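The structure displayed is predicted, hence computed values, not measured ones.
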Amino acid sequence: MSHTEMTQAESFGEHEHRGDLDGDKKPRSKRPANTAFRQQRLKAWQPILTPKSVLPLFFIVGVIFAPIGGLLLWASSQVEEIAIDYSECYDKAPWNQSAQIPHDVKSSFKSHKPDHPTWERHRVGDTTVCRLIFEIPNDIGPPVFMYYRLTNFYQNHRRYVKSLDVDQLKGKAVDNKTIDGGSCDPLKLDPSGKAYYPCGLIANSQFNDTINSPQLLSVGDDPKTYFMTNKSIAWESDKELIKTTKYKPGQVVPPPNWHDRYPNGYEDGIPDLHENEEFMVWMRTAALPNFSKLSRRNDTTSMTRGTYQLDIAHHFPVTEYGGTKSILISTRTVMGGQNPFMGIAYVVVGGVCVLLGTLFTIAHLIRPRKLGDHTYLTWNSEQENTAPVATGRDARFGPRVA
């Protein structure tokens with residue numbers, strides 16, 4: 001290469017190098033910042049697990065969990081309740097005369113098991129009323145709670161859970177166009193183009209059996225009503241979510257399944273959902289297909305022993321989708337209602353820990369292991385060389401050449 005060509009090459013290389021420096025002023029690096037967190041230099045506790053430190057933990061967990069589970073089971077057993085399934089009352093109960101309920105009835109009381117409940121059907125106008133007659137064997141409460149329990153009702157379905165309009169529930173007069181393009185599908189607008197209030201599947205399917213207060217039956221006297229209220233049954237957070245609406249009568253219409261309650265629509269006034277706590281309880285969807293929701297309560301007066309009758313007007317069918325509905329009258333303890341699952345879980349975990357601790361202790365005493373014994377490391381053990389040594393003539397490559 002001539003001197004002129006070399007000079008041109010050097011000039012070109014220098015120009016290219018300067019171009020790179022001008023284009024990339026800051027050097028690019030993927031290295032994390034030099035901090036203790038980014039460079040993994042934080043102080044950490046690295047315990048050495050030995051039999052002396054691990055075995056006591058098993059027994060400590062067992063000794064703590066087992067008594068807690070026993071207390072939870074005891075608290076659950078103190079709850080007194082009776083649950084009556086009345087799903088088929090409107091088909092199978094006799095008219096105007098009592099008959100024993102053909103299926104088992106779950107109950108739990110301190111004194112004794114009550115007599116088997118009875119049911120009967122009555123006609124009040126166009127409505128079928130189911131009358132349940134049951135016994136409370138001893139005084140219960142206060143407080144006393146009444147729940148309705150549904151089975152095989154999937155409130156956790158994705159489309160069902162999303163079918164509501166939060167702004168509408170907060171009291172805003174949402175425009176019909178907004179409702180039509182919102183999340184209330186498929187119950188958004190009625191055929192005339194007016195918005196449903198409240199819109200959506202959850203509100204439309206609200207449990208609407210009319211449950212009256214129980215009445216104590218006394219011989220020779222008129223029944224004495226045990227008053228139960230539907231106030232203070234919803235969460236305070238639900239009361240903050242659902243407010244009085246700003247809609248005017250004539251702007252909205254009730255959902256299809258609310259027609260029996262509002263046969264003339266909202267001509268007489270739109271209901272104040274902020275005062276309807278039963279609606280609030282229903283709008284808080286359940287996570288499982290079998291659930292109970294609070295319907296009535298009495299926080300001041302005990303429910304005295306005796307025979308009670310409870311009238312329930314039928315509006316909510318359940319046999320069509322293979323479900324059931326029940327009435328549950330219950331008390332509570334500090335731990336809540338009757339549910340032995342948590343207590344059983346604690347007892348099982350405590351028992352398993354004690355059992356494992358005992359087995360590991362016996363194994364350690366009979367055949368202890370030396371701490372830090374490297375002979376148990378598989379990658380550190382010597383493995384015999386089992387590969388065949390080629391001698392003489394290899395059939396594939398011919399005779400071996402020294």
Side-chain angles (χ1 to χ4, degrees), residues 69-87 89 98 100-101 103-120 129-151 207 209-235 277-278 281 290-313 324-344:
L71 289 175
L72 293 175
L73 288 174
W74 175 80
S76 178
S77 66
Q78 297 302 303
V79 176
E80 299 180 277
E81 66 178 25
I82 181 171
I84 304 175
D85 184 347
Y86 68 100
S87 308
C89 178
S98 297
Q100 274 199 351
I101 298 177
H103 51 263
D104 293 336
V105 175
K106 297 180 180 179
S107 61
S108 175
F109 293 96
K110 294 180 181 179
S111 58
H112 62 274
K113 187 174 182 179
D115 294 336
H116 199 82
T118 61
W119 60 11
E120 57 185 273
V129 176
C130 176
R131 174 169 294 174
L132 304 176
I133 301 176
F134 56 92
E135 179 191 3
I136 301 296
N138 53 265
D139 295 354
I140 61 174
V144 179
F145 303 93
M146 181 185 294
Y147 301 84
Y148 58 86
R149 177 177 293 174
L150 301 179
T151 64
F207 182 83
D209 277 3
T210 304
I211 305 173
N212 299 316
S213 295
Q215 292 182 318
L216 176 62
L217 302 178
S218 302
V219 179
D221 297 328
D222 294 332
K224 181 180 179 181
T225 302
Y226 178 72
F227 291 101
M228 304 188 79
T229 179
N230 59 358
K231 301 299 181 182
S232 301
I233 62 174
W235 294 10
E277 296 193 31
E278 294 184 41
V281 171
N290 302 335
F291 56 87
S292 300
K293 290 183 180 288
L294 185 59
S295 176
R296 301 285 189 277
R297 66 187 299 169
N298 186 314
D299 297 317
T300 58
T301 309
S302 62
M303 196 172 187
T304 58
R305 61 186 298 266
T307 302
Y308 287 82
Q309 74 176 26
L310 178 64
D311 291 343
I312 307 173
T324 63
K325 57 182 178 180
S326 306
I327 282 295
L328 171 65
I329 298 177
S330 175
T331 59
R332 71 178 180 189
T333 63
V334 179
M335 301 307 300
Q338 189 178 82
N339 187 357
F341 173 78
M342 188 64 70
I344 294 174

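- For the salt bridge (Lys or Arg N to Asp or Glu O under 4.0 Å) condition, the pairs that include at least one residue of residues 292-302, sequence neighbours left out, are E278-R296, R297-D299.
- Defined by atom type and a distance below 3.5 Å, a donor-acceptor pair is missing between the side-chain atoms of Q338 and S76.
- Under a 3.5 Å cut-off, the side chain of T331 and the backbone N or O of E80 do form a donor-acceptor pair.
- Looking only at distances, a side-chain donor or acceptor of E277 sits under 3.5 Å from a matching main-chain atom of S232.
- Using a 4.5 Å heavy-atom threshold, the side chains of I327 and L310 count as touching.
- Going from atom CD1 of I84 over to atom OG of S326 covers 9.0 Å, rounded to the nearest 0.5 Å.
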Yes or no on side-chain contact (heavy atoms from CB on, under 4.5 Å) for Q309 and L132, after CA distance, side-chain angles and deciding distance? CA-CA 5 Å; Q309 74 176 26; L132 304 176; over 6 Å; no

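- Atom CG in L150 sits 9.0 Å away from atom CG in N290 (nearest 0.5 Å).
- Counting only residues at least two apart or on different chains, the side chain to side chain donor-acceptor pair (under 3.5 Å) pairs with a member in residues 109-118 are S111-N138.
- N298 contributes no side-chain N or O that, together with a main-chain N or O of F145, makes up a donor-acceptor pair within less than 3.5 Å.
- Proximity of a side-chain donor or acceptor of S98 to a complementary backbone N or O of W119 within less than 3.5 Å is not detected.
- K325 and D209 are joined by a salt bridge, as a carboxylate oxygen and a charged side-chain nitrogen come within less than 4.0 angstrom of each other.
- Looking at residues two or more places apart in sequence or on another chain, you find a ring-ring contact (aromatic ring centres under 6.0 Å, His included) between F207 and Y148, F316.
- R131 has its side chain out of reach of V129: every pair of non-hydrogen atoms, C-beta onward, lies at least 4.5 Å apart.
- Residues passing the side chain to side chain donor-acceptor pair (under 3.5 Å) test with R149 are S292, sequence neighbours excluded.
- Using modelled atom types, one finds no donor on one side chain facing an acceptor on the other under 3.5 Å when comparing T225 with S213.
- Between L328 and I82 the shortest side-chain heavy-atom distance does not fall below 4.5 Å.
- Using a 4.5 Å cut-off on side-chain heavy atoms (C-beta onward), V144 and I329 make contact.
- Listed by chain and residue number, nothing satisfies the ring-ring contact (aromatic ring centres under 6.0 Å, His included) test with Y86 (two or more places apart in sequence, or in another chain).
- The aromatic rings of F134 and Y308 sit parallel, their planes meeting at an angle under 30°, below the 60° perpendicular limit.
- Applying the salt bridge (Lys or Arg N to Asp or Glu O under 4.0 Å) test to every pair with at least one member in residues 137-148, sequence neighbours left out, gives no pairs at all.
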